[in-house]
Each structure stands twice: as structure tokens, then as C-alpha cells.
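Notes for the one structure printed next.
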Amino acid sequence: MHHDPLEDIPAASRKELVAAVCAAIDVDTAAAEDIIRSAEPFWDAMEQAGGLVDSWGGGEFRHVLPRVLSFIQTTANP
């Protein structure tokens, strides 16, 4: 069975995060969910590298990810 990393985030937080990603980079819900899922390995690696970030789906993740994505989009498309 396939594990969905979004299921590790509480429902209310997940909804807030998806909405924030949609707003930050102007994508639809399905795209936002795919992008969030793809962030899990990166975030886990950052955590395992010595606590550079908090745990997957934690408050830091939910607030930082939309801002990081917005920065990437803006910087990649000058």
C-alpha cells in the first residue's frame, strides 16, 4: 500500500497548508498537494542532518514551505 505523506499532517493543518501553497504560487489544489508530498524527503533529510528543521508537517514546515516555494518561483522566473 502506498503511504501518502499528507496523511501525516493533521486535517486542519493540511487544509491550511494546501491553501497557503495554492495562494503562494498560484496552483490548483492537486498541484499543491503533489508539491507538498514531494517536499517530505527533502524536509526529512534536513531534519536528519542535525535538526536543521523541525519534524515533517510541524509548524515550521507549514509556515516556511509556502514562502520557500514563492521565493523559488519568483527567482526562477525573473
Side-chain angles (χ1 to χ4, degrees):
M1 186 165 98
H2 175 70
H3 170 73
D4 184 349
L6 284 179
E7 292 178 7
D8 294 340
I9 302 172
S13 298
R14 181 173 56 241
K15 183 177 178 179
E16 174 187 329
L17 175 58
V18 170
V21 169
C22 288
I25 58 174
D26 194 26
V27 295
D28 64 20
T29 298
E33 289 175 347
D34 284 344
I35 291 166
I36 295 165
R37 284 183 186 99
S38 73
E40 183 194 34
F42 171 69
W43 202 263
D44 286 346
M46 294 280 290
E47 183 182 12
Q48 292 167 10
L52 301 174
V53 296
D54 69 359
S55 62
W56 165 253
E60 181 181 280
F61 175 78
R62 292 192 316 270
H63 297 287
V64 170
L65 183 65
R67 293 181 10 208
V68 168
L69 294 173
S70 179
F71 174 79
I72 290 169
Q73 181 187 39
T74 302
T75 304
N77 298 291

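None of the values given here were measured: they were computed from a predicted structure.
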Is there a continuous path of hydrophobic side-chain contacts, each under 4.5 Å between heavy atoms, that joins Trp43 to Phe71? no

Locate the shortest heavy-atom distance separating Leu52 from Glu60; write the atom from each residue and the value. O-OE2, 4.4 Å

Closest non-hydrogen atom pair, Ala32 against Val21: CB-CG1, 3.7 Å

When rounded to the nearest 0.5 Å, the distance separating CG of Asp54 from CD of Glu47 is 7.5 Å

Is it true that atom CG of Asp44 has more than 12 heavy atoms of other residues, nucleotides or ligands lying nearer than 6.0 Å? yes

With the side chain counted from C-beta on, respond yes when Ile36 and Phe61 share a heavy-atom pair under 4.5 Å apart, and no when they do not. yes

So if you build clusters from Ile, Leu, Val, Met, Phe, Trp, Tyr with side-chain heavy-atom gaps below 4.5 Å, do Phe42 and Leu6 land together? yes

Residue pair Arg37 / His3, side-chain heavy-atom distance below 4.5 Å: no

Do Ile35 and Val64 share a hydrophobic cluster, counting only Ile, Leu, Val, Met, Phe, Trp and Tyr and linking them when any side-chain heavy atoms are less than 4.5 Å apart? yes

With a 4.5 Å limit on heavy-atom distance, are the side chains of Ser38 and Asp34 in contact? no

Test item: Arg14 side-chain N/O and Ile9 main-chain N/O as donor-acceptor pair under 3.5 Å: yes

Between Glu40 and Asp8, what is the shortest heavy-atom contact and its length? OE2-OD2, 4.0 Å

Interatomic distance, Asp26 atom CG to Leu69 atom CG [nearest 0.5 angstrom]: 13.0 Å

Neighbour count above 12 (heavy atom, 6.0 Å) for Arg67 CZ: no

Between Pro66 and Arg62, what is the shortest heavy-atom contact and its length? CD-O, 3.3 Å

